[in-house]
Amino acid sequence: MLQQTRAQTVIPYYRRFLARFPTVRALARAEEAGVLACWSGLGYYSRARNLQSAAREIVRLGKFPREYDALRALPGVGPYTAAAVASIAFGEPCAAVDGNVLRVMARVTNDAGDIGSTGTRARLQEQAQALLDLRQPGLFNQAMMELGATVCVPRAPLCTQCPVAADCQARMAGTERQLPVKLRKLVARNIEASLVVVERRGKILLWQREAGGRLAGFWELPASEQLAGLQQARTIGSFRHTITNSRFLFTVMTGSVRRAPKGFMWHLLASLPAIPLSTSARKALRVYTGGQ
Ligand code: SF4
């Protein structure tokens, strides 16, 4: 849940998720729609699907994997997660290198390579592995993450308070504020779009995304272009929504239709919390219900 998402945002989702799926088996047994509904609003839904696939794989294996390679083989588990779990939970000697640790390592070793390049990352991973305290790998990894999050921070590292300042090559060379080097920058795109809330007798008009995409299986509100026969259309508000480097400005409209167009279904407003609904649809419905 914490991938690309702040801890403060995650906490209520985490609690609800664990209350609903308290064991690996419970998650493995659940309907995918129920899992996605519980995740609705957090975004990056492949994480939820992968988590459930991993739970099913663990049930099939009959035990929770303890070694790096076995953890890495689970769906959705990358090198960082595998190393973090293996070292912190099971004491395996694996360096867990997240964005914070990459920055610390680039500075400690005074490495001016592009932090976005595979070569630089591999080199810093190797350096972190060489530094690892083999007696307490989990604690060492957590200390490195914490150092990056609280002391060796991106713009103005707090070198005078840093416990590793005496060994930091960037500090010695005076390059700490120039590192790490990031060459590639994503250009943000601004996109304007509209969503329409059509309500009839306590039911809302929705369509479902087909299998294959990032939001496969999720329900969406129609865009105005999808409702050729929209009547009494009016704008009731707007909201912003960002997905990676796309910045959306959604206008929220209401209106009525004679009948549901092909591919659309009516859903009881009260039942929406129980279905997987995209974050943009949820935000639009909040504008709608708040504006009533
Ligand atoms: S001395 Fe400064 S640059 Fe070096 S690790 Fe510590 S905070 Fe980061």
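Remember, it's a predicted structure, so these values are computed and weren't measured experimentally. We count ligands from 1, going down the list as the structure has it; atoms in each ligand are counted the same way.
- Taking the six-membered ring where the residue is Trp, F17 and W39 present perpendicular rings, their angle passing 60° and hence far from 30°.
- Taking 2.8 Å as the criterion, C159 does not count as a coordinating residue of atom 6 (Fe) of ligand 1, since none of its N, O or S atoms falls below it.
- At least one heavy atom of V164 sits less than 4.0 Å from an atom of ligand 1.
- Taking the six-membered ring where tryptophan is involved, the planes of F239 and F250 are essentially parallel, since the angle between them stays under 30° and well short of 60°.
- Side-chain contact check for R171 versus R107: every heavy-atom pair is 4.5 Å or farther apart.
- Within the coordination shell of atom 8 (Fe) of ligand 1, defined by N, O or S atoms under 2.8 Å, C162 is absent.
- Below 4.0 Å from some heavy atom of A165 lie the following atoms of ligand 1, by number and element: 1 (S).
- Below 4.0 Å from some heavy atom of R107 lie the following atoms of ligand 1, by number and element: 3 (S).
- You'll find the side chain of L206 reaches within 4.5 Å of the side chain of L277, heavy atoms only.
- Separating the CD atom in E225 from the OG atom in S194 is a distance of 5.0 Å, to the nearest 0.5 Å.
- The protein heavy-atom contact nearest to atom 8 (Fe) of ligand 1 is C152 SG, 2.4 Å.
- A salt bridge (Lys or Arg N to Asp or Glu O under 4.0 Å) with E220 is found for exactly one of R209, R282, K283, namely R209.
- Close approach of ligand 1 to E176 (heavy-atom distance below 4.0 Å) involves ligand atoms 3 (S).
- Atom 4 (Fe) of ligand 1 has its closest protein heavy atom at C168 SG, 2.3 Å.
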